[in-house]
Amino acid sequence: MIDIRSDTVTKPTDTMRKAMAEAEVGDDVFGEDPTVNRLEKLGAEMLGKEAAVFVPSGTFGNQLALFTWCQRGTEVLLGEECHIIQHEAGGASVIAGVQTRAISAPDGVLPAQALRKRLRKQELHSPATSLICLENAHALGRAVPLAAMDEVRNVADEWKLPVHLDGARIFNAAAALGCEAREIARRADSVMFCLSKGLCAPVGSLLAGSTAFVAEARLKRKIMGGGMRQAGILAAAGIIALEEQTRRLADDHARAKEIACGLAKIPGVVIKPDEIDINMIFFAWPPARDPKVAARTVEIFKKHNVLAGYRGGGAFRFVTHYWISDADVQVILTAAREAFGEQTS
């Protein structure tokens, strides 16, 4: 099947499987897994940070960052459509014990002026702001300009607040912006990035920051149950992801753009190809608001051996990745022309 529901569906490459089978391992909780140590060192270096800690998932990494930075009962400011707010099951209130305050952030850009208006000191009726969170690439598929990140960084510096970056797809953002990932990461005090989104590693993320921050995060990781013992088997795939997969993400972006341009030619499909920054294609087909039409549409794609990402309300998300070839792009567009062009509601 051609699976375009997400870039988390990727399987490990043959090189990864070999590295995993041959990985030298030890007890990571004791700091004795050489492969995990190598992954953490590599990840920190690529992001220009002093240290990094290996965690099971992106959600775990983000929540660990909040848990490490924030005192209970304080407030975190972030964009209203970001992953931490929308897709992490309210973890901030459960784990870190913080209140999240969402700000409208069109295309993932957190407006500095709106941010400044919402910053608070501890008062009788108000919690203190303890952290600002950014996301790049944004969960809605946009690469946030560095200048926009700089504006937020300046506000944070004025208030002496840390900035955490959800960089789940930071290497996609770097490819889209034409810069190194470290250039994005240096705008934040801590950065989480995924090895299992678009990079083909089966499991894992890294949380990077200063040596002191990561030392505290290791303690909090233990509290959260994230000590994975002989995790080098997983880390071995992460090393390959960083050394090899990060260099080819522009290919995924090009295929996403090709699909978007093809979809734009189908009457009734609502899409803006010029807004495709990375490997994610968001679009709408209004007839699919009818659940029966939506189900039939998904089945038409399956008939072409394509697993399509339907989000409800007539909205779709297609995501390209390592296992989507140029030939697959043509199959996807053929299926789309039938599903959206020839089908009647």
Side-chain angles (χ1 to χ4, degrees), residues 6-69 83-84 88-89 91 95-96 164-171 181 185 190-246 321-322:
S6 178
D7 52 4
T8 62
V9 302
T10 54
K11 305 295 192 299
T13 65
D14 290 342
T15 304
M16 286 180 178
R17 291 180 185 273
K18 185 175 186 296
M20 292 170 73
E22 299 175 353
E24 183 181 0
V25 299
D27 192 318
D28 179 50
V29 177
F30 294 157
E32 296 175 353
D33 190 304
T35 309
V36 172
N37 293 343
R38 181 183 164 201
L39 170 65
E40 291 173 342
K41 184 175 185 292
L42 175 62
E45 289 174 350
M46 291 180 72
L47 266 67
K49 299 300 182 186
E50 293 178 349
V53 59
F54 187 42
V55 296
S57 70
T59 294
F60 193 113
N62 280 333
Q63 295 303 323
L64 177 58
L66 270 60
F67 193 21
T68 303
W69 283 120
H83 196 277
I84 293 173
E88 297 188 4
I95 300 169
H164 170 65
L165 173 64
D166 177 352
R169 296 181 176 88
I170 191 171
F171 294 101
S190 64
V191 184
M192 184 285 298
F193 63 97
C194 293
L195 304 166
S196 58
K197 287 190 174 76
L199 301 182
C200 287
V203 175
S205 295
L206 287 168
L207 176 62
S210 69
T211 301
F213 170 82
V214 170
E216 181 67 17
R218 283 190 189 281
L219 171 63
K220 298 296 177 65
R221 183 185 72 165
K222 177 66 173 177
I223 293 171
M224 291 172 65
M228 297 184 288
R229 304 302 178 180
Q230 289 75 33
I233 293 173
L234 301 174
I239 291 170
I240 302 300
L242 293 180
E243 290 181 339
E244 297 182 3
Q245 294 294 317
T246 56
H321 48 76
Y322 177 80

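We're numbering straight along the sequence, starting at 1.
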Worksheet entry | Straight-line distance of Leu64 CG to Glu216 CD, nearest 0.5 Å |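 If I round to the nearest 0.5 Å, the distance is 9.5 Å.
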Discussion item. Is there a side-chain contact between Val36 and Glu40 in this structure, where contact means two heavy atoms from C-beta onward sitting under 4.5 Å apart?
Written reply: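 When only atoms from C-beta onward are counted, Glu40 and Val36 do touch, with a gap below 4.5 Å.
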Worksheet item: Is the closest side-chain heavy-atom distance between Leu242 and Leu39 below 4.5 Å?
Response: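 SC-SC contact between Leu242 and Leu39 confirmed.
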Discussion item. For a quick test of reading the model, state the closest non-hydrogen atom pair linking Ala23 to Gly232 and the distance between them.
Written reply: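 Shortest heavy-atom contact: CB-O, 3.6 Å.
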Worksheet item: Mind checking what makes ring-ring contact (aromatic ring centres under 6.0 Å, His included) contact with Phe67, not counting sequence neighbours?
Response: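 Phe67 satisfies ring-ring contact (aromatic ring centres under 6.0 Å, His included) with no other residue.
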Worksheet item: For residues 23-34, which residue pairs qualify under salt bridge (charged side-chain N to carboxylate O under 4.0 Å, His left out), counting only residues two or more places apart or in two chains?
Response: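 Every salt bridge (charged side-chain N to carboxylate O under 4.0 Å, His left out) pair that includes a residue of residues 23-34, provided the two are not neighbours, is Asp27-Arg229, Asp28-Arg221.
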Fill in: Cys194 SG to Asp7 CG distance, which is reported to the nearest 0.5 Å
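The SG atom of Cys194 sits 9.0 Å away from the CG atom of Asp7.
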Worksheet entry | Heavy-atom closest pair, residues Ala201 and Ala241 |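 Here Ala201 and Ala241 meet closest at CB-CB, 4.2 Å.
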Worksheet item: Rounded to the nearest 0.5 Å, what separation is found between the CG atom of Leu47 and the CE atom of Met192?
Response: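 The CE atom of Met192 is 11.0 Å from CG of Leu47, to the nearest 0.5 Å.
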Worksheet item: For the side-chain contact (heavy atoms from CB on, under 4.5 Å) test, which of Gln63, Arg218, His164 pairs with Leu207?
Response: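 So the option named by the test is His164.
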Worksheet item: Can you name the nearest heavy-atom pair linking Ser190 to Ala65, along with the distance?
Response: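 Scanning both residues completely, I find the closest heavy atoms to be OG-CB, 4.3 Å.
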Discussion item. If you define the side chain from C-beta out and look only at heavy atoms, does anything of Glu244 sit under 4.5 Å from Cys200?
Written reply: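 Result no, sub-4.5 Å side-chain heavy-atom pair not found.
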Practice prompt. For residues Arg169 and Ser6, report the shortest heavy-atom separation together with the two atoms involved.
Written response: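 Nearest pair, atom of Arg169 first, then Ser6: NH2-OG, 4.4 Å.
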Discussion item. Between Ser210 (side chain only) and Phe213 (backbone N and O only), is there a donor and an acceptor less than 3.5 Å apart?
Written reply: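 Checking the backbone N and O of Phe213 against the side chain of Ser210, a donor-acceptor pair under 3.5 Å is found.
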Worksheet entry | No-hydrogen, no-angle side-chain donor-acceptor test under 3.5 Å, Thr211 and Glu50 |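 Side chains of Thr211 and Glu50: pair found under 3.5 Å.
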Item to complete: Determine the minimum heavy-atom distance between Met228 and Pro56, stating which atoms define it.
Response: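 Minimum heavy-atom contact is SD-CG, 3.8 Å.
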Worksheet item: Is any side-chain heavy atom of Thr59 closer than 4.5 Å to a side-chain heavy atom of His83?
Response: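 Thr59 reaches His83 side chain to side chain.
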Practice prompt. List the steps and the verdict of side chain to side chain contact (heavy atoms under 4.5 Å, CB included) for Met46 and Thr246.
Written response: CA-CA 11 Å; Met46 291 180 72; Thr246 56; 4.1 Å; yes
Worksheet entry | Validation row: Leu42, Ile239 side chains within 4.5 angstrom (heavy atoms) |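 Result yes, sub-4.5 Å side-chain heavy-atom pair found.
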Discussion item. So, taking the atom named CE in Met16 and the one named CE in Met20, what distance separates them when rounded to the nearest 0.5 Å?
Written reply: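 So the CE of Met16 and the CE of Met20 are separated by 9.0 Å.
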Worksheet item: Which pair of heavy atoms, one from Phe171 and one from Ala181, lies closest together, and at what distance?
Response: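 It is CE2-CB, 3.6 Å.
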Worksheet item: Is the backbone of Ala185 close enough, under 3.5 Å, to the side chain of Lys49 for a donor and an acceptor to pair up by distance?
Response: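 Yes; judged by distance alone, with no hydrogens or angles, the pair exists.
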Worksheet item: Any side-chain heavy atom of Thr35 within less than 4.5 Å of one from Phe54?
Response: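 Contact flag for Thr35/Phe54 side chains = no.
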Worksheet item: In this structure, which one of Leu199, Thr10, Thr8 forms a side-chain contact (heavy atoms from CB on, under 4.5 Å) with His321?
Response: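 The single option meeting the side-chain contact (heavy atoms from CB on, under 4.5 Å) with His321 is Thr10.
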Worksheet item: Can you tell me how far CD of Gln245 sits from OG1 of Thr15, rounded to the nearest 0.5 angstrom?
Response: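 If we round to the nearest 0.5 Å, Thr15:OG1 and Gln245:CD are 8.5 Å apart.
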